[in-house]
Amino acid sequence: MTEPTDTAARGRRLHTTLGALGAQDVGLVLPHEHLLVDFRPAGSPGFARADPAVFASVVDPLLAGAAAAGVTALVECTPPGLGRRVDLVLDASRRTGLPVVVATGVYREPWVPDWVYGASDDELEAWMHRELTEGVEGSGVLAGFIKISAAEDGIRPVEERVVRAAARAAARTGALVGSHTTDGRVVLGQIDLAVAEGLAPDRFLSIHTQTITDPGLRQAIVDRGAWIEFDDVGQGGRDGDARTLELVLDSLAAGQTGRVLLSHDAGWFDPALPGGGTPRPFTDLTGSFLPALRAAGVGAGVLDELCVRNPFRAFAR
Ligand SMILES: [Zn+2]
């Protein structure tokens, strides 16, 4: 199923805070990170707020550290409803020179913004389409993909409306739809809904694949043609990546190399915590995880596919 990269990537662009980048412009890309997330209800005092100077003091070192480790771009996966702040992300990206891909889309309940419940299906689709093609909140930055989610025990009605609208907006633009979904059967249901709306299966990404414990379900998602993402690198503390390492090696052995993405789901400035909290860095992948894969016998060409070619093929349009 792996297309020759040159063909798959030709003419496609990764839309970032620093403009549209071609395959030749980027190397290692982190497909799932965050610079600011606020899990509190949207009406909470100080929701999604950050003093720009404090934000810079927390986030700039994270981005600079990533760049120093060889990261050439990262994807900021925070949708509206979880405190998306493209203005702050754009400033941090400009200061550090690291291109960042930002998201449009709608997260799961209870983080669905109020206006979404009152919007028609066409309005939802048009809003996502506009953010992908005209930009986000007057920032001039185009959304680089659509982030959605679903409840763990099944797709709620509003989430079904979102996946359908996202699929239609993505089908019109070639954008990727990435879903935070922890149950593999729910993922397959989302893919069915998206494909019914005209989305090509390779425009769908199943986020947090490490939570899908049944290898048969992971295989089923790949067999449909969708992407899978192991994005908890660095989260387990000392030796904590052993399980993720095993999952990735299993996935490679199962022939899924051309559909696998790797990231940390790290960061981030949390407005609910004093000073934004203490974020995790974006450097465990390059610092320890890739060396561990190498030590396990994974060759340079495969590592390049996982961290350079795959993220571009998944997110560029
Ligand atoms: Zn995340």
Side-chain angles (χ1 to χ4, degrees), residues 16-17 29-40 42 47-48 50 58-59 62-63 66 71 73-86 88-89 92-93 98 100-113 136 143-152 159 162-163 166 175-184 186-187 190 204-212 226-236 240-241 244 247-248 260-273 276-285 289 307 310-311 314-315:
T16 78
T17 46
V29 175
L30 296 176
H32 191 121
E33 310 297 345
H34 298 274
L35 302 189
L36 187 150
V37 182
D38 196 333
F39 282 105
R40 297 174 297 177
F47 177 77
V58 171
V59 167
L62 294 177
L63 293 178
V71 173
L74 66 80
V75 180
E76 215 288 356
C77 292
T78 312
L82 282 180
R84 182 183 68 170
R85 285 293 303 268
V86 173
L88 291 173
V89 170
S93 169
L98 192 72
V100 178
V101 175
V102 303
T104 185
V106 179
Y107 204 56
R108 67 192 157 100
E109 291 186 321
W111 293 281
V112 176
V136 174
F145 80 114
I146 304 175
K147 171 80 175 282
I148 65 169
S149 185
E152 287 169 22
E159 294 160 358
V162 166
V163 67
L176 183 76
V177 177
S179 186
H180 167 127
T181 311
T182 52
D183 185 301
V186 178
V187 174
Q190 289 179 303
F204 192 94
L205 161 64
S206 172
I207 292 170
H208 306 323
T209 304
Q210 65 276 1
T211 62
I212 301 173
W227 295 89
I228 58 176
E229 180 178 275
F230 299 101
D231 50 29
D232 64 343
V233 171
Q235 287 190 31
D241 286 333
T244 305
L247 287 174
V248 172
V260 172
L261 301 176
L262 303 176
S263 211
H264 308 91
D265 199 4
W268 52 75
F269 186 99
D270 184 343
L273 298 175
T278 310
R280 287 188 296 117
F282 304 128
T283 47
D284 290 307
L285 185 78
F289 198 77
C307 299
N310 284 355
F315 284 85

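Both ligands and their constituent atoms are indexed starting at 1 by order of listing.
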Student: Which angle, to 10 degrees, forms at the Zn ion (ligand 1) with NE2 of His34 on one side and NE2 of His32 on the other?
Tutor: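 Centred on the Zn ion (ligand 1), the NE2/NE2 angle is 110° (to 10°).
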Student: Could you check whether any side-chain heavy atom of Lys147 comes within less than 4.5 Å of a side-chain heavy atom of Ile207, counting everything from C-beta outward?
Tutor: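 Yes, close enough: below the 4.5 Å cut-off.
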Student: Within the 4.5 Å heavy-atom criterion, are Phe282 and Val71 side-chain neighbours or not?
Tutor: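 Heavy-atom side-chain distance check fails, nothing below 4.5 Å.
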Student: Please determine if the Zn ion (ligand 1) has an N/O/S atom from His208 lying under 2.8 Å away.
Tutor: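 Checking the Zn ion (ligand 1) against His208, no N, O or S atom falls under 2.8 Å.
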Student: I'd like the atom name of the N/O/S atom in Asp265 lying closest to the Zn ion (ligand 1).
Tutor: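 For Asp265, the N/O/S atom sitting closest to the Zn ion (ligand 1) is OD1.
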Student: Using modelled atom types only, decide if a donor and an acceptor are shared between the side chain of Glu76 and the backbone of Val102 within a distance under 3.5 Å.
Tutor: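 Such a contact is absent between Glu76 side chain and Val102 backbone.
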Student: Can you tell me if Thr209 uses its side chain to pair, donor with acceptor, with the backbone of Glu229 under 3.5 Å?
Tutor: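 It does hold such a pair.
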